[in-house]
Amino acid sequence: MSRAAVRFAGRLAKLGNTLDECEDAFSSSSSRFAVSDGATESSYSSVWAEILTRTFCTVEDGLDTPETIGAWLEASRQEWRVWEASVAARENLPWFTRDKLRSGAFATFAGISFRDSQWVVFALGDTCVFVVREDALVHSFPLSSGAEFGTSPALLSSRDDDLPIEESSLLAGSASRGDRIYLTTDALAHWFVDDFEAGRKPWDALDGISSIEDLEIFVSEERAGLRMRNDDVALLSLEIVDD
Amino acid sequence: MGDPFAGPGSGRSKAQELADVINRLLQTLVTRCAKGEEVRDYFEIGVLGYGHTVGNALQGPLAGRDFVPISQIAFNPARLESRAKKVPDGAGGLVEQTFQFPVWLDPVHNGGTPMCEAIRRAKAAIEAWASAHMNSYPPTIIHVTDGESTDGDPSGLAREIGLIATSDGPACLYNLHISSTSATPITFPSSEAELPDQFARLLFGMSAPLPEKIRREAASEGYSVGDGSRGFAFNADLVEAIRFIDIGTRVSGLR
């Protein structure tokens, strides 16, 4: 039997911001791992990103079909509504804070859920999952080319919306010992895909990151070389090992 | 959009419609810059009104100020009005919620439309601002009018505005014509051909071409725009006016 071991988990704020202002979130449990990027335009999107990643990793039911994903999302929205009501109840809230809160929060998301040696990924937007087996990229999901990264990714909304979860947002696969799996938000995901399209092996650089300091050095260099956009960064690196 | 300020045919005066457009514009810009309980100062705003006279139009604590950072606009409306609205309660019913609407301008019923004097004042203001902010995004003048000029043809002044620049490019003058008729609005046209009259063609001629970034924003909102599309809307109602201004001010990548 195999399991996913975390080799690295960490996040950095965009250059110029403090970690408080970072809108990327990540979370993990023994069989669930998730990363999310709160949309800058919405207020409190970091709260929404945190709710999404945490609940994905702790909700009891499976997360491998559109129906179970929909149920998890509804539970997340319920938690958001409770939090939102507590903020809205404050009398001295500025009018624009109230306005923007009412519009809801938005985030991209990618989560992977393991059961035995099978996994299912749910992803929406430009937060991506990369799977590398025997030094070759076998999955790049949901985006696989640099051209697909734009400024208006699909987003999960904290409000009720009628859009059903699509099968195309799910990817299933099996885990083999030695597989490396990377969940990253858009700036790093875009860098990864660009590097791969240029004929290189971006996972080599990610495998060299085992501390936040390593991540800082790597990201600073890539930002300075204009190979990575200046944005929040979150990285979860997993390796499939024997149980 | 569920606006408490009703649309065409509501019987509201043109002066009220104009004040509504400006108040909603300021509300849109504040909301866009808001982050939690703070407002990021991405913009400085000046509001000039013209009718019997030409002058700074903000009321309340900001009265008389030329340019004001957007955070000060946010925290200093002349007043906050409360309106109750019925909204879905998530369980198939409706619940009454109170919404607060900031008001920075009240309608001023004035004679005359001294458009040249107003544009001259606006030009002088942005000229001074541009030389003090040479590395900023160039100033944008959004001219909102419901009628024709009574003090001459402002076309020459409009051209001069395009000569003011920062390191990022030329200043832009956009023209927004408000109408309370039910005529179809014409937004971001690229030629005079579709325009119904001389007045529309005059305002079109005075309007700057849309920068590429804003053209893309307009296209992503469903407008059909081309290379020659200008920052101009004719016969806009309140809803269309807000869309026009929202798109025309998406300069920083912050949507």
Side-chain angles (χ1 to χ4, degrees), chain A residues 13-14 16-18 20-23 38-49 74 77-78 80-106 149-155 157-162 186-187 229-232, chain B residues 1-4 23-24 26-42 60 70-83 85 87-92 95 97-104 213-214 216-217 219-222 246 249-255:
Chain A
K14 174 175 176 159
N17 285 4
T18 64
D20 272 351
E21 295 171 290
C22 180
E23 290 166 328
T40 302
E41 314 81 65
S42 53
S43 263
Y44 302 112
S45 52
S46 53
V47 172
W48 178 229
E74 182 44 40
R77 288 183 178 129
Q78 180 51 25
W80 166 270
R81 281 193 287 269
V82 169
W83 177 84
E84 182 195 359
S86 72
V87 175
R90 287 176 32 208
E91 280 191 15
N92 58 351
L93 208 63
W95 65 266
F96 50 83
T97 306
R98 208 175 283 286
D99 247 12
K100 208 150 181 180
L101 195 58
R102 204 178 290 123
S103 313
F106 298 84
F149 287 84
T151 53
S152 308
L155 298 166
S157 163
S158 63
R159 296 179 305 183
D160 289 320
D161 69 42
D162 295 321
D186 65 325
R229 206 161 55 85
N230 182 23
D231 195 1
D232 295 336
Chain B
M1 285 168 72
D3 206 275
N23 285 320
R24 283 297 304 276
L26 295 176
Q27 184 176 359
T28 301
L29 289 178
V30 166
T31 306
R32 198 190 303 160
C33 296
K35 197 75 183 166
E37 295 178 55
E38 289 175 1
V39 176
R40 303 270 169 88
D41 279 328
Y42 292 119
I70 189 79
S71 59
Q72 290 191 34
I73 301 263
F75 286 106
N76 294 290
R79 65 181 184 279
L80 281 172
E81 290 184 351
S82 282
R83 298 247 198 290
K85 244 174 64 168
V87 295
D89 65 2
V95 68
Q97 252 185 44
T98 306
F99 290 72
Q100 287 184 309
F101 290 95
V103 173
W104 289 272
K213 182 173 186 350
I214 293 184
R216 282 204 300 269
E217 292 285 343
S220 78
E221 293 288 334
D246 182 24
T249 52
R250 285 188 198 167
V251 302
S252 63
L254 198 70
R255 296 193 59 220

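Values below: every heavy atom of this structure, side chains too, minus hydrogens, waters and symmetry copies.
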Taking B:C33's backbone N and O only, do any of them form a donor-acceptor pair with A:K100's side chain (distance below 3.5 Å, no angle check)?
no
Donor-acceptor under 3.5 Å (A:S43 side chain, B:G36 main chain)
yes
Selection residues 90-99 of chain A - residue pairs positive for side-chain hydrogen bond (donor to acceptor under 3.5 Å, both in side chains), sequence neighbours left out:
A:R90-B:E37, A:D99-A:R102, A:D99-B:Q27
Within a 6.0 Å radius of atom CD on B:E38, are there more than 12 heavy atoms belonging to other residues, nucleotides or ligands?
no
Minimum-distance pair of heavy atoms, taken over all atoms of A:S42 and B:K35
O-NZ, 3.4 Å
Does any backbone or side-chain atom of B:R216 lie under 4.5 Å from a heavy atom of chain A? Answer side chain, backbone, both or neither.
neither
